[in-house]
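Per chain, numbering begins at 1; letters A, B, ... match sequence-line order.
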2 protein chains.
Amino acid sequence: MSLPHAILTALLEKPSSGLELTRRFDKSIGYFWSATHQQIYRELGKLEQAGHIRALPAPVPARGQKKEYEVLPAGRGELSDWVARSEDPKPMRSALLLRMRAAAIVGAEGLRAELERHLALHREQLDEYLAIEERDFPADRRRTEPDRLRHLVLRGGVDLERFWVEWLTGALAELGPSEA
Amino acid sequence: MSLPHAILTALLEKPSSGLELTRRFDKSIGYFWSATHQQIYRELGKLEQAGHIRALPAPVPARGQKKEYEVLPAGRGELSDWVARSEDPKPMRSALLLRMRAAAIVGAEGLRAELERHLALHREQLDEYLAIEERDFPADRRRTEPDRLRHLVLRGGVDLERFWVEWLTGALAELGPSEA
DNA sequence: CCCCCTTCTGCAACTAGTTGCAGAAGATTC
DNA sequence: GAATCTTCTGCAACTAGTTGCAGAAGGGGG
């Protein structure tokens, strides 16, 4: 599974506490691997026990007290192995495509509004990605390999959102202008 | 959740037994909503109890005996409601994009082979979709609304695979010809 | 007839992810 | 200086999905 590796990556980018991680998952790593704070806390516990990360010594260790984690060499090693590991892509799932197929049988009443809503959401996400690209990846920041890799990831997000925007636009056109 | 609706859709397309459904999920509905036979059997049980489907009267009802299900009006109603229901798209997950981001930190050794493997798989899937399109959706079979909807779904699959093929091709070019 | 193979259904036990809630520490405010 | 709000961590209980296995029925084949 990928959650521990997502966390290791995030912690290597910057040592953080559970809540900080949660927030960063909400806007960066989470764009392609989302997780709730619960998953994160539990996984931090497991990673610590496995010796992949450790809590930075805190002045007052207590419940409700912020706890920062950093990655240990073993954790970095595990992540490095994982990058090269062979793993089949898991079949994608789209409830929207499924609904479309159901609509082919029971009728498309009410579907149009939902498609429009999704279209708006995907447009929004696309704009967000484009803003990030402009901010974080100006042409001169695409030289080093790490930067090129990070930019490729973002490009993936951009192009995927573009795909949805185009597909939804086409679907709406195909449904005809006056469906219920 | 969508699994029960996937099953209702499949059963409306054709009443089936659990194993038949499993096979059809492996090659049709499952392209965008996969499920194991276990999930399917359990869900069939729940759907039957909810009065959404019923088992067709079998000559010899017994364990190990094929059991066909068909959708009842209540099930069709539920599916019809679901088509119009509002439901946020769940954030996508891609272990590959995640790995790319990890590679930006720990190095991209060994990643290239994996990208090539995925590229081959996506090309294969794309070809399969195109073959289905040619077989099931010749130009004259795209007239009725149900056919147009079903074709849109397939188009979604085609374009998504195209996206991956293009992204992976670009990523491989970007990684440079001689990465480890 | 008996063994074995396939088909079909299903239980049990697991991992992953979600939701709701609660308690401690520190900051804020009146 | 007490009431309350925010931050941070975490438990408990749930739903969804996965994996491994087993048992019944039926169809050959020697």
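Distance, B:L21 CG to C:dT9 C1': 13 Å, rounded to whole Å. Regarding A:L3, its CG atom lies at a distance of 17 Å from the P atom of D:dG17, rounded to whole Å. In this structure, CD1 of A:I7 is placed 13 Å from C1' of C:dA16, rounded to the nearest angstrom. Look at CG on B:L19: it is 19 Å from P on D:dG23, rounded to the nearest Å. Summarising the geometry, the separation between CE on A:M1 and C1' on C:dC14 is reported as 15 Å, rounded to the nearest angstrom.
With sequence neighbours excluded, the residues that form a side chain to side chain contact (heavy atoms under 4.5 Å, CB included) with B:A6 are A:L98, B:F25, B:I29, B:W33. Listed by chain and number, the residues in a side chain to side chain contact (heavy atoms under 4.5 Å, CB included) with B:H118 are A:P89, B:L96, B:R99, B:E114, B:H122, B:L168 (sequence neighbours excluded). Partners of A:D159 according to the side chain to side chain contact (heavy atoms under 4.5 Å, CB included) rule, which considers only residues two or more places apart in sequence or in another chain, are A:R155, A:R162, B:F163. By the side chain to side chain donor-acceptor pair (under 3.5 Å) test, A:S80 pairs with no residue at all, sequence neighbours left out. Evaluation of the side chain to side chain donor-acceptor pair (under 3.5 Å) rule for B:E128 yields B:Y31 as partners, not counting sequence neighbours.
For residues 5-17 of chain A, the set of pairs meeting the salt bridge (charged side-chain N to carboxylate O under 4.0 Å, His left out) definition, not counting sequence neighbours, comprises A:E13-A:R24, A:E13-B:R101. Pairs passing the salt bridge (charged side-chain N to carboxylate O under 4.0 Å, His left out) check and including a residue from residues 80-92 of chain A, sequence neighbours excluded, read A:E78-A:R85, A:D88-B:R117.
Between B:E70 and B:R54 there is a salt bridge, since a side-chain N of the basic residue sits under 4.0 Å from a carboxylate O of the acidic one.
For the segment residues 30-50 of chain B, residues with any heavy atom less than 4.0 angstrom from an atom of DNA chain C are, sorted by number, B:H37, B:Q38, B:Y41. For DNA chain D, the neighbouring residues in residues 75-95 of chain A, judged by any heavy atom under 4.0 Å, are A:R93.
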